[in-house]
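Before any comments, here is the structure.
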There are 2 protein chains.
Amino acid sequence: MDTRISLLDSAERAVRQRGFDGFSYADLSKEIGIRKASIHYHFATKADLGFALIERYAERFFATLADIRNSGGSAAEQLRSYIQIYRDALAEGEQVCLCVALSAGRDSLSTEVLDQLNRFHAESIAWLTEVFERAAQDGSVSGCALPIEDASAALALVEGAQLLARARKDVSLFNQGVAALIARLATHPVH
Amino acid sequence: MDTRISLLDSAERAVRQRGFDGFSYADLSKEIGIRKASIHYHFATKADLGFALIERYAERFFATLADIRNSGGSAAEQLRSYIQIYRDALAEGEQVCLCVALSAGRDSLSTEVLDQLNRFHAESIAWLTEVFERAAQDGSVSGCALPIEDASAALALVEGAQLLARARKDVSLFNQGVAALIARLATHPVH
DNA sequence: GTCTATAGACTGATAGAC
DNA sequence: GTCTATCAGTCTATAGAC
């Protein structure tokens with residue numbers, strides 16, 4: 001097995017459960033069975049580890065979004081898929097998405113990590129804006145305003161709904177939070 | 001001056017800027033000019049401090065919500081006031097609301113703090129549900145679904161929008177996130 | 001690449017004088 | 001109520017052997 005990947009996997013789970021300040025090299029050490037000092041061979045500093053985490057995360061995430069876009073479904077179908085990603089990320093209410101975990105953490109994340117975080121938000125809004133622009137044409141989403149405003153609201157909504165669900169360790173709170181948005185989505189192909 | 005109150009003020013600012021794990025008794029010590037050990041006289045453990053923080057916060061918050069309810073404005077006006085509380089709490093994008101800060105922090109907050117946090121969410125949704133029920137009657141909010149779903153969405157939205165704004169230290173991202181909701185609010189008295 | 005050993009700083013918390 | 005002094009534990013990080 002690749003130790004570096006095991007470390008990233010373990011660290012990602014830890015950040016999403018307990019925050020960036022909520023786990024240590026000692027935790028990773030125990031979990032994957034390697035000494036603390038050896039971790040520094042793979043990630044010289046914890047900031048480096050943080051950067052690698054969000055870099056890998058963004059790559060995976062936007063690959064998934066590209067797949068959804070290319071699937072050719074209606075805007076409503078694509079939004080449903082988008083929401084599902086955030087619901088899955090909750091993992092029974094134990095975790096939040098990596099970006100929610102980092103957004104809310106210490107404000108002394110390294111500048112590089114913060115930049116990646118803002119890039120993640122910007123690209124998410126750009127992707128969602130395209131979806132809502134398509135919605136204005138295919139009519140599969142009701143009650144639309146300006147695409148960029150709908151997009152920003154959708155991102156804020158899924159991230160906020162994760163926060164609520166995690167506090168109570170209960171996915172149904174996430175579902176309740178996104179229910180009004182889902183109710184706006186057409187359930188049948190529009191044409 | 002009351003030392004206990006100074007400590008609470010200082011700690012609240014710290015939590016909202018850096019998270020519960022992001023500040024220490026040493027930080028408070030420097031800020032208010034008292035020795036670390038003396039803080040333990042007022043709050044025996046950090047968990048006790050956390051509990052006092054959210055207790056005071058919830059009290060203040062729900063007193064404000066009660067004022068808004070009693071002001072007798074339309075549902076739209078009351079929602080605008082509600083959103084304004086969250087915008088104000090951002091303080092130039094440097095801070096988030098205490099509950100956002102705690103929701104996203106370590107999952108080993110004491111059970112008591114977690115209970116208070118969930119009580120806060122539940123009461124917020126209850127207050128907002130009443131507002132959306134009134135909206136169904138006074139017609140001052142367009143595009144409504146089920147009151148409880150609109151309420152949950154509104155809470156998730158303002159909390160999520162704070163997350164986005166704070167990551168970029170830019171309140172305009174908050175405004176962009178809530179713009180679509182604000183667009184649904186009638187700007188003139190409905191009757 | 002992984003190990004042992006350790007540095008140096010910081011953490012929350014306690015004992016006991018004033 | 002606030003102080004000095006100190007504790008045991010944790011943290012990230014480094015040096016150097018294997």
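So that the names make sense, note that chain A is the first sequence line, chain B the second, and so on, each numbered from 1.
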Checklist entry - Is the closest side-chain donor-acceptor distance between B:Arg87 and B:Gln84 under 3.5 Å? => result yes

Checklist entry - What is the distance, rounded to the nearest whole Å, between atom NE2 of A:His40 and atom C1' of D:dA13? => result 5 Å

Next on the checklist: Given C:dT2, D:dC3, C:dT11, identify the nucleotide with an atom nearest to the side chain of B:Ala37.
Outcome noted: D:dC3

Item to check | Test side chain to side chain contact (heavy atoms under 4.5 Å, CB included) applied to A:Val158 and A:Tyr82, step by step | outcome: CA-CA 9 Å; A:Val158 291; A:Tyr82 180 81; 4.0 Å; yes

Item to check | Under 4.0 angstrom between A:Ser24 side-chain N/O and D:dC11 OP1 or OP2 | outcome: yes

Checklist entry - Looking only at side-chain N and O atoms, does A:Ser38 come under 4.0 Å of OP1 or OP2 in C:dC3? => result yes

Checklist outcome for this item: note: A:Arg35, atom CZ; D:dT12, atom P; distance rounded to Å ~ 16 Å

Next on the checklist: For A:Arg60, I'd like to know if atom CZ has over 12 heavy atoms of other residues, nucleotides or ligands within 6.0 Å.
Outcome noted: yes

Item to check | For atom NE2 of A:His42 and atom P of D:dA13, their distance in whole Å | outcome: 15 Å

Next on the checklist: What's the closest nucleotide to the side chain of B:Lys46 if the choices are D:dT14, C:dG12, D:dT4?
Outcome noted: C:dG12

Checklist entry - Is A:Thr3 near enough to C:dT2 that one of its side-chain N or O atoms lies under 4.0 angstrom from OP1 or OP2? => result yes

Item to check | Value in whole Å for how far the P atom of C:dA13 lies from CD1 of B:Ile34 | outcome: 16 Å

Checklist entry - Does D:dG1 have OP1 or OP2 sitting under 4.0 Å from an N or O in the side chain of B:Tyr41? => result yes

Item to check | Spacing between A:Arg18 atom CZ and D:dC11 atom P, to the nearest angstrom | outcome: 10 Å

Item to check | Distance, rounded to the nearest Å, where B:Lys36 contributes NZ and C:dA13 contributes C1' | outcome: 9 Å

Checklist entry - Do A:Trp127 and A:Phe62 pass the ring pair (Phe, Tyr, Trp, His ring centres under 6.0 Å) test, and can you show the C-alpha distance, the side-chain angles, and the key distance before you say yes or no? => result CA-CA 9 Å; A:Trp127 186 90; A:Phe62 290 111; 9.0 Å; no

Next on the checklist: What is the distance, to the nearest angstrom, from the OH atom on A:Tyr25 to the C1' atom on D:dT14?
Outcome noted: 13 Å

Checklist entry - Looking at A:Phe23, does the NZ or CZ of A:Lys46 lie under 6.0 angstrom from its six-membered ring centre and within 45 degrees of the ring axis? => result yes

Checklist entry - Please give, in whole Å, the distance from D:dC11 C1' to A:Lys30 NZ? => result 12 Å

